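Being a predicted model, the structure only gives us computed values, none of them experimental. Numbers here simply count residues along the sequence, with the first being 1.
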Amino acid sequence: MTVALTVGGCDEAVVGFEDVTGGEEARLRALHDNGVELNGTRFNGTRFNGAWFNGARLISASISDGLAKSNLSDWSLVPGTSMLQAYDVKGVWYRGADLAGARLQWLVDDGGNEPAAVQLSIVDVTQSADRPDIYFTDVDVRIDEGKWDSLCSDGEGDPTSAIVVPGYFDSVTADWRPDEHGEIAFACRGTAAGKCLEWGYRMWAEHGGLSLADHYRACTRMVRADYCGNNVTHTENGTPIDVSDGLSPAILAPETDWQIEAKWGPHGAVCLNQPRKLAHTRAAVIAECEAAGRGTLPPCADDDPGEHGGLLISQAEPS
């Protein structure tokens, strides 16, 4: 889930979160499952840049080596990867697994009497065996003197790793936005934001000279069945979909003869047949999109991903 920090909230282990985010990472045969969560973190919008974390000032960041402690600053990503890096006052870079044991602390003033102290601890960093530019970062979070808990949870609520990405996720529109001031965000594995990266649509990468940023946006809309691009989902965790694209060569190719559900662009579906869940009719979704200012979604007529400006196709057996 993408979360917004508030006083009191829906999770006793944290200060308060608003769920806007994709289900557990699993495969059904060679297919992909979908889900409703966007990026699954337990702390405030999943965005930090330098001294700030989504409006909260960073008090300190350090790492200990025996009895010595080094302060860390200028947090960023190694270009072309999801490897986190920072450097100490001596100008020594800490990258990836070097950051295991680092602690970051913010003081979050939510307008109450006592500002909350929020700490993050980097536990471990491992490289993906399938996509070497992806790194999985295990991060724990603690609010005030509460217990440490995993920053990330998957669609089943189980602890999981984060993939650190450039930019941030808009908590209102559920859109991924590129960094403007060095922002960095967390995409938890097993959520829409994490799955699309592991499927190959990394927003920092190019494929055949083409940026994959819009493919990534289209993928996160598709996984959540956010047809209208208005942060409203129309699916259930674990529903299988067959995903393909029009890239050359394709990152994902169709694997079934299931009917085409929809074609997708960065702002949602560009055409729609029968939604993947029978509880949602095509007519009802079209009315929703019209009300959201997206216009009328035409039916999908062929198997060309580029029809109506689409980037991805989803096929499904409506259930």
So, does [X] use its side chain to make a donor-acceptor pair with the main chain of [Y] at under 3.5 Å?
X: R221; Y: A269; result: no
X: D175; Y: R177; result: no
X: H207; Y: A250; result: no
X: S121; Y: V123; result: no
X: R189; Y: T160; result: no
X: D226; Y: N231; result: yes
X: R294; Y: N230; result: no
X: R202; Y: G200; result: yes
X: R131; Y: E198; result: yes
X: D144; Y: G146; result: no

For [X] against [Y], the heavy-atom pair lying closest together:
X: P318; Y: Q259; answer: CG-NE2, 3.7 Å
X: P305; Y: D303; answer: CD-O, 3.3 Å
X: D170; Y: T173; answer: OD1-N, 3.0 Å
X: G295; Y: E290; answer: O-CG, 3.6 Å
X: S73; Y: A86; answer: O-CB, 3.4 Å
X: R282; Y: L297; answer: NH2-O, 2.9 Å

So, T81 versus D133: side-chain donor-acceptor pair below 3.5 Å or not?
-> no
Testing V285, T296, I260 for side-chain contact (heavy atoms from CB on, under 4.5 Å) with L272, which one passes?
-> V285
Test log, rule salt bridge (Lys or Arg N to Asp or Glu O under 4.0 Å), inputs D98 and R95 = CA-CA 5 Å; D98 297 339; R95 293 186 173 96; over 6 Å; no
What distance do [X] atom [atom1] and [Y] atom [atom2] have between them, rounded to the nearest 0.5 Å?
X: I63; Y: L72; atom1: CD1; atom2: CG; result: 6.0 Å
X: M203; Y: L212; atom1: CE; atom2: CG; result: 10.5 Å
X: L99; Y: Y135; atom1: CG; atom2: OH; result: 12.5 Å
X: K263; Y: D304; atom1: NZ; atom2: CG; result: 5.5 Å
X: E145; Y: Q119; atom1: CD; atom2: CD; result: 7.0 Å
X: D242; Y: L252; atom1: CG; atom2: CG; result: 9.0 Å

Do the non-hydrogen side-chain atoms of [X] and [Y] ever get within less than 4.5 Å of each other?
X: C300; Y: E307; answer: yes
X: E183; Y: P166; answer: no
X: W199; Y: V223; answer: yes
X: L84; Y: I122; answer: yes
X: T235; Y: I241; answer: no

Among Y216, Y227, Y201, find the one that has a ring pair (Phe, Tyr, Trp, His ring centres under 6.0 Å) with W264.
-> Y227
Identify whether [X] and [Y] are in the same connected component of the hydrophobic contact network (ILVMFWY, side-chain heavy atoms under 4.5 Å).
X: I143; Y: L104; result: yes
X: W148; Y: F186; result: no
X: V92; Y: W75; result: yes
X: I251; Y: V243; result: yes
X: L311; Y: V270; result: no

Would you call D149 and K147 a salt bridge, using N to O less than 4.0 angstrom?
-> yes
Who passes ring pair (Phe, Tyr, Trp, His ring centres under 6.0 Å) against H280, sequence neighbours left out?
-> H234
